[in-house]
Amino acid sequence: MSEPAARVAELRRLIEDANYRYHVLDDPAIPDAEYDALMRELEALEREHPELAAEDSPTRRVGAAPSSAFAPVRHEVPMLSLGNAFSDEEVADFVQRIARELGEPEPEFSVEPKLDGLAISLRYEQGLFVRGATRGDGATGEDVTANLRTVKAIPLRLRGGQVPAVLEVRGEVYMPRAGFEAWNARMRETGGKVLANPRNGAAGSLRQLDPKITASRPLAFFAYGLGVVEGWTLPARHSQTLRALRELGFPVSPEAGTARGLGGLLAYFRAVGERRDSLPYDIDGVVYKLDRYDQQKAMGFVSRAPRWAIAHKFPAQEQLTTVEAIEVQVGRTGALTPVARLAPVQVGGVTVTNATLHNADQIARLDVRVGDTVIVRRAGDVIPEVVRVVEERRPRDRRGRPLHPPYEFPDRCPACGSHTEAVRKVLRQTRAGVEYAEGATIVCTGGLYCPAQRKQALVHFASRRAMDIDGLGERYIEALVDFGYVKTVADLYALTLDDFLEMKRRADERDGTVPETVRAGKIATRWAENLVEAIAASKATTLERLLFALGIRDVGESTARTLARWFGALEPIMAASEAELVEIPDVGPVVAARIAGFFAEPHNREVIAALRRAGVHWAEGGPQRAAEGPLAGRTVVLTGALSSMSRDEAGARLQALGAKVAGSVSRKTSFVVAGEAAGSKLDKARELGIEVWDEDRLLAFLNGHGAA
DNA sequence: TGGCCTCGAGTTCA
DNA sequence: CTCGAGGCCA
């Protein structure tokens, strides 16, 4: 062999090894820069010595003639679709069917994650990659050989000694999350087109006419099965086949394994489910296959799906749905919040019909319009959000123009017709005055004239952490306001049993929920009695609850408590000037102005007087301006679930000992009380090296200080 | 003036 | 839970 020929052979071997170690063993042997250098050297040599070029050279991944692009390819061995299971019961049925038919109570399965990518078939003849095809309808797919050659995780030549005459390998082409994120970040920077999700990214990449485009996409591959096999001894078990595929140079999911019986399958499902978010790729479930081929054969097929395998799916975290309407809700403070009404769709195990769009800016950023197809997600938290619009699916007229114009935020309040305005936020304060900028939030200027704001004010007043009127929910408050029974929060205390019954009758009538005669009458009476009782019970309250319940802007639970302690009684709070209020810790000019402004309003003073006349009462005392107790000056954060008491209760007890209970962990936190299943707050505490108490330690401390 | 740290407010569904 | 903004401190 000539010297260049030897070097070319060596380079190819080095590069193939590097690919194998990177993609199959997940154990990179050489740094990227060195890999690139090897490639460049090989390219140069092949240019100088055209006679040394070869089909399976790693330099030929891009550039193979895409002549047969997308031509139909018949799958001699059909590419199967799998049955789906969405619940443990369905998996149990699957296992039971097999156990019964095979007479084996605990059959063994090969188990692996189900990647969210694109199923393909790769054909190797005499060890060389000759054709790759998409799954298509299972019987016929499309020829995407040129594009698949650019995927480095797919070997162009099989490794190992025994070379099968023909080997078809089935697997999934996917886009790793990191690659997807990086790709989109780059696209956003350069103004290119972002990919909707890794799955679409993978599918779209393989449908490119120009393999160079495919080559630029971060694609990867996992093998999970076989098609046509000639001149190769098939092992007895699927798990052994996977091992053999690995040795032939194919990446196989490291999560793949075996499991026995229903218990084993479900344990695997849970284990993978827990690791789902930390896997480097998206999966939508796991696949169970009977491990022994003889048993697979015995089970056979129904129509097009095997009876020996099933896909156990996770509830989807992201779904496509359509926007049926964009409505605007009015909050307690008058803030207008746009909400997308969606065609119902299952996301993460629940049906989602609404998703907040936050504010006008967010709508503009997403450019959400009525009729749009959108991606909805329930991410780490529970609240659904619109991730993005799938613009290709936007309804258009014959001339290709969108059917609906960009959404325009209403300039009138949908509830009362008052004009709306952007909230001004303080930019800075100078001697000359205060400078404002317009914020993202739009508010209704109707104030308590606006029925929506009045309703929300009442809902807030009755809520658990405020006056705690049990049973008085949004629906009845709405009716009470609509029918004119209630204008201010004080009116609640004048309501009689008959008022409630009449209100409920009218509400049922209006909403078309017709109650059933006598029995319903009795139930309704009991319901009304409970409400009257709950309202009466709420009269005994505390100053801080009352202050919070009044709904003064920027006065939440914490500020209400501070105010109550600082002054000890309501009268001095009502009389306090802004100058006096800013003396209070955590109260600055903005909040002081809100408080003074609220009590300066004759209407508000009248409501307070009416509440007092109705018998609402609370204990008053002198000012208590310094925290006292063993925990004075200490800031505590509670996280996770405690077994012996609620978090609220624990917080109240700690406060009683002088502690300040905060909602988030920072360097100022004195210690964190962590219960069961504590999450990010505990992590943060560990990160900042903050003392952590478990429940026992908390209880011991509370007992030791007479707060048990 | 900038950068935390908190608090307030809004949000969905079973 | 997250975002935005008010308050505080360096």
Side-chain angles (χ1 to χ4, degrees), chain A residues 315 319 321 327-342 344-362 365 376-386 422-430 434-444 452-453 455-457 459-460 463 465-466 473-474 544 547-563 578 581-595 635-637 639 647 651 660-670 679-681 683-684 688 690:
Chain A
Q319 279 291 3
T321 186
E327 285 174 15
V328 173
Q329 288 178 351
V330 186
R332 170 166 69 93
T333 61
L336 300 187
T337 310
V339 177
R341 304 281 172 219
L342 307 167
V345 65
Q346 290 283 316
V347 187
V350 301
T351 312
V352 169
T353 52
N354 298 314
T356 175
L357 295 166
H358 298 298
N359 52 45
D361 280 7
Q362 176 80 352
R365 199 159 42 233
V376 186
R377 170 172 64 190
R378 273 175 90 227
D381 58 341
V382 203
I383 296 168
E385 59 172 347
V386 173
V423 167
R424 297 188 305 167
K425 66 175 185 184
V426 177
L427 262 191
R428 65 177 139 265
Q429 291 171 38
T430 59
V434 187
E435 273 183 54
Y436 295 98
E438 288 202 343
T441 357
I442 311 271
V443 292
C444 157
Q453 289 188 52
K455 283 173 197 168
Q456 291 307 313
V459 170
H460 172 74
S463 69
R465 309 182 85 96
E474 193 154 356
E544 58 181 80
L547 285 169
F548 176 55
L550 289 172
I552 307 164
R553 276 266 215 123
D554 288 333
V555 177
E557 275 187 291
S558 177
T559 311
R561 182 162 45 243
T562 313
L563 280 173
E578 280 185 48
L581 290 166
V582 285
E583 295 302 310
I584 307 170
D586 300 332
V587 175
V590 174
V591 175
R594 296 252 202 249
I595 297 169
T635 303
V636 185
V637 174
T639 181
R647 224 160 38 199
K660 185 170 176 212
V661 177
S664 60
V665 179
S666 72
R667 258 164 293 161
K668 292 188 178 172
T669 308
S670 312
S680 59
K681 288 184 204 169
D683 298 342
K684 179 107 189 253
L688 295 174
I690 286 163

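Numbers restart at 1 for each chain; the letters A, B, ... are given by sequence-line order, proteins then strands.
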A.B. asks: So, does A:Thr333 get its side chain near the phosphate of B:dG10, meaning an N or O under 4.0 Å from OP1 or OP2?
C.D. replies: yes

A.B. asks: Taking the side chain of A:Val591 as heavy atoms from C-beta outward, which of B:dC4, B:dA9, C:dG7 is closest to it?
C.D. replies: C:dG7

A.B. asks: Any side-chain N or O of A:Lys660 below 4.0 angstrom from OP1/OP2 of B:dC7?
C.D. replies: yes

A.B. asks: Take atom CD of A:Gln456 and atom C1' of B:dA9, then tell me their distance rounded to the nearest Å.
C.D. replies: 11 Å

A.B. asks: Any idea which heavy atoms bring A:Gly651 and A:Val661 closest together, and the distance?
C.D. replies: O-CG2, 3.6 Å

A.B. asks: For B:dC5, does OP1 or OP2 lie under 4.0 Å from any side-chain N or O of A:Arg667?
C.D. replies: yes

A.B. asks: Atom CZ of A:Arg465 and atom P of B:dG10: how far apart are they, to the nearest Å?
C.D. replies: 16 Å

A.B. asks: Can you give me the closest heavy-atom contact between A:Arg465 and A:Phe548, atom names plus distance?
C.D. replies: O-CD2, 3.5 Å

A.B. asks: Quick one: does any side-chain atom of A:Ser670 pair with a main-chain N or O of A:Thr635 as donor and acceptor, under 3.5 Å?
C.D. replies: yes

A.B. asks: Examine B:dG10: is either OP1 or OP2 under 4.0 Å from a nitrogen or oxygen in the side chain of A:Gln329? Give yes or no.
C.D. replies: no

A.B. asks: Between A:Thr337 and A:His358, what is the shortest heavy-atom contact and its length?
C.D. replies: CG2-O, 3.7 Å

A.B. asks: How close or far is atom P of B:dT11 from atom NE2 of A:His358, stated in whole angstroms?
C.D. replies: 10 Å

A.B. asks: How many Å lie between CZ on A:Arg332 and P on B:dC7, as a whole number?
C.D. replies: 16 Å

A.B. asks: Using the side-chain heavy atoms of A:Asp554, tell me which of these nucleotides is nearest: B:dA9, B:dC13, B:dG10.
C.D. replies: B:dA9

A.B. asks: Whole-Å distance between B:dT12 P and A:Glu385 CD?
C.D. replies: 12 Å

A.B. asks: Which atom pair, heavy atoms only, marks the closest approach of A:Ala592 to A:Val587?
C.D. replies: N-CG1, 3.8 Å

A.B. asks: Could you state the atom-to-atom distance from CD1 of A:Ile442 to C1' of C:dG4 in whole Å?
C.D. replies: 15 Å

A.B. asks: Compare the minimum distances between each of B:dA9, B:dG8, B:dT11 and the side chain of A:Thr559, then state the nucleotide with the smallest one.
C.D. replies: B:dG8

A.B. asks: Check the phosphate of B:dC13 against A:Thr351, side-chain N and O only, distance under 4.0 Å to OP1 or OP2. Yes or no?
C.D. replies: no

A.B. asks: Write down the distance between CD1 (A:Ile595) and C1' (B:dC7), rounded to a whole number of angstrom.
C.D. replies: 13 Å

A.B. asks: Atom CG of A:Asp586 and atom P of C:dA5: how far apart are they, to the nearest Å?
C.D. replies: 19 Å

A.B. asks: Hey, does the side chain of A:Ser558 come within less than 4.0 Å of B:dC7's phosphate (OP1/OP2), counting only N and O?
C.D. replies: yes

A.B. asks: So, does A:Asn354 get its side chain near the phosphate of B:dC13, meaning an N or O under 4.0 Å from OP1 or OP2?
C.D. replies: yes

